[in-house]
*Asks:* 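First the structure, which I've put down as structure tokens, then a few questions once you've had a look.
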Amino acid sequence: MYTKVLTIAGSDPSGGAGIQQDLRVFSQLGAYGMAVVAALTVQNTRGVKTFVPTAPQLLRDQIEFLLEDVKPQGVKTGMLGSGDNIKTVARSLERLDVPIVVDPVLVATSGDQLFEGEKSAFYQDLFPLATVITPNIHEASALAELEVKDLKGMKKAAKVLKNYGPAWVVVKGGDLDGDEVVDLLYDGMDFCHFTHPRIPLTGESHGTGCTFASTLAVLLSRGLGIPGAYEKALELMELYIRGAKKVGRGAIPANPLVLGERGEAKGLVLESLRKAMEELEALDYGGLLVPEVQVNLCEAIPLARNHSEVAGIKGRIVRWGDRMRSAGCPAFGVSRHVANIVLTAMRFDLSMKAAMNVKFEEGWIPLLEASPLDVASFSRKDEPIEVKEREGSTLEWGVNQVCGRLGRVPDIIYDRGDVGKEPMIRILGKDALTVVEKAKMVLDLVL
Ligand code: PXL
């Protein structure tokens with residue numbers, strides 16, 4: 001059975017916020033989305049030109065007629081546009097006994113107003129019904145009528161807002177300065193704050209508030225409580241923001257579609273490795289490239305965060321006469337070393353999702369250096385002692401060094417090894433087939 005979730009919010013024609021984004025979040029999380037439009041905005045990615053709140057009577061009719069027929073398992077309210085609309089929505093939601101997320105939208109990220117009339121309707125009428133309210137710093141300041149500048153201010157505001165009756169207050173700290181973001185959760189008893197790194201975006205972000213609130217609504221509808229739902233929503237937000245893409249000339253919307261892409265990629269990556277493996281096994285003299293520790297070839301799904309999101313060849317790739325041969329099938333979570341290389345390279349360039357290790361021969365280096373391949377190296381002798389002592393962290397350190405120095409991910413990263421450490425060449429690329437193409441170039445050079 002579907003989880004049915006209702007959003008009551010404004011329309012953003014550019015799609016990054018409001019009902020358009022809420023419905024996208026609902027679908028990506030496998031929920032059945034329903035939407036009541038509470039306001040129309042005239043908007044593109046560069047800003048909001050004007051808005052009109054839906055006439056209260058029409059807003060009421062939309063909600064009432066829907067609820068006569070369908071009962072959602074959760075509700076999110078976003079931009080309601082006017083004090084009258086807040087009252088209208090509150091009256092209709094009063095008799096529902098499902099989680100309600102209230103995102104008290106007042107102003108867009110662009111600075112444009114999204115509300116007219118009496119904001120006191122928020123705390124008098126709607127907050128008492130809320131499972132959670134999710135103000136950002138500006139909204140917390142405006143609604144609690146105090147200036148929030150730090151965690152102390154967030155706590156003060158949370159206390160004021162909690163008194164209006166929501167079960168939880170989540171004050172989002174993203175609009176305060178700093179490399180780290182602090183969010184505050186408050187249930188009237190304990191303050192709980194979560195600190196997380198700010199995810200760097202090249203431009204202005206858009207729709208993050210709507211995206212967070214609608215994600216939270218789905219998770220609460222499925223029976224999660226707060227803070228569990230908050231933590232899961234935060235993890236998803238990181239993916240939406242890291243996977244954000246430009247759609248217009250202005251702000252960059254958070255991108256819930258990454259969830260679908262990543263899900264689909266699980267099958268595609270295994271297929272890509274299978275094809276790449278076929279190419280490798282067909283290479284005459286491919287066996288020349290196999291080192292003592294054997295070979296692995298890995299490819300990650302988009303935005304991979306850990307080893308379970310990187311696939312490799314189970315049992316590695318071995319030398320079989322003059323050729324290479326896979327010892328097992330492509331699978332996720334089967335490589336540590338090569339997967340580490342991929343995960344580290346992706347911190348510099350999200351598109352570099354594949355890597356393979358091959359044998360090192362001193363005589364090959366001048367040939368590689370003279371080729372069109374982008375070649376770089378690190379020395380294990382420069383490795384700090386703390387890194388050496390941490391099992392499995394050398395490659396991360398080496399790849400970090402090289403990519404940090406170059407400001408890009410090269411085609412090849414080699415090192416000359418150390419006592420008890422075999423020297424190695426690693427080939428990097430966008431996907432497994434590209435890496436195999438580069439491996440063919442290496443083989444042609446050294447044969
Ligand atoms: O992010 C706040 C917001 C909410 N709802 C609508 C919006 C915006 C921001 O632009 O357009 C419809």
Side-chain angles (χ1 to χ4, degrees), residues 5-26 33-55 58-59 62-63 75-83 85-86 88-89 100-117 119 121-122 126 130 132-143 170-176 181 183 199 201 203-217 233 236-237 240-241 244 246-256:
V5 188
L6 169 64
T7 172
I8 305 174
S11 156
D12 168 6
S14 72
I19 51 164
Q20 288 83 352
Q21 182 75 315
D22 291 344
L23 290 173
R24 195 176 290 122
V25 166
F26 296 165
M34 301 182 286
V36 163
V37 182
L40 294 176
T41 70
V42 176
Q43 177 170 191
N44 63 23
T45 63
R46 300 170 107 174
V48 182
K49 206 169 185 184
T50 68
F51 73 92
V52 210
T54 302
L58 184 59
L59 178 58
Q62 289 183 76
I63 305 171
V75 180
K76 174 226 148 154
T77 71
M79 174 188 182
L80 301 177
S82 70
N85 276 358
I86 295 174
T88 303
V89 168
I100 299 176
V101 178
V102 173
D103 185 20
V105 176
L106 295 173
V107 183
T109 318
S110 53
D112 300 296
Q113 286 297 321
L114 295 174
F115 186 81
E116 62 187 32
K119 61 177 185 296
F122 264 126
L126 197 52
V132 56
I133 63 170
T134 59
N136 60 27
I137 291 292
H138 308 293
E139 291 154 353
S141 300
L143 293 164
V170 173
V171 183
K172 300 170 294 184
D175 289 335
L176 290 177
V181 175
D183 295 326
I199 302 148
L201 254 190
E204 187 88 3
S205 67
H206 176 59
T208 46
C210 301
T211 317
F212 173 72
S214 46
T215 300
L216 209 50
L236 292 167
M237 285 305 295
Y240 304 156
I241 295 174
K246 218 167 159 55
V247 295
R249 282 176 292 175
I252 303 172
N255 179 21

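Each ligand, and each atom within it, is numbered from 1 in the order the structure gives.
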*Asks:* Establish, from distance only, whether the side-chain atoms of Y240 and T215 form a donor-acceptor pair under 3.5 Å.
*Replies:*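 Present: a donor and an acceptor within the cut-off.
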*Asks:* Give a yes-or-no answer on whether the side chains of S14 and N44 include a donor-acceptor pair shorter than 3.5 Å.
*Replies:*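 There is no such pair (donor and acceptor under 3.5 Å, judged by atom type) between the side chains of S14 and N44.
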*Asks:* Is there side-chain contact between F51 and L40, with at least one heavy-atom pair below 4.5 Å?
*Replies:*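 The answer is no, as the side chains (C-beta and beyond) never meet within the 4.5 Å cut-off.
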*Asks:* Please determine, by modelled atom types, if E116 and S82 share a side-chain donor-acceptor pair under 3.5 angstrom.
*Replies:*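 No - no donor-acceptor pair under 3.5 Å links their side chains.
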*Asks:* Please output the residues near ligand 1 using a strict heavy-atom distance under 4.0 Å, listed in chain and residue-number order.
*Replies:*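 The answer is G10, S11, D12, A17, G18, Q43, M79, V105, A108, L114, H206, C210, counting any residue whose heavy atom sits under 4.0 Å from ligand 1.
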*Asks:* Do we see a donor-acceptor contact under 3.5 Å between the side chains of Q20 and S11?
*Replies:*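 Checked: Q20/S11 side chains pair up, N/O donor to acceptor below 3.5 Å.
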*Asks:* Among I241, D103, V25, D22, which residue satisfies the side chain to side chain contact (heavy atoms under 4.5 Å, CB included) criterion with T211?
*Replies:*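 Among the candidates, only V25 passes.
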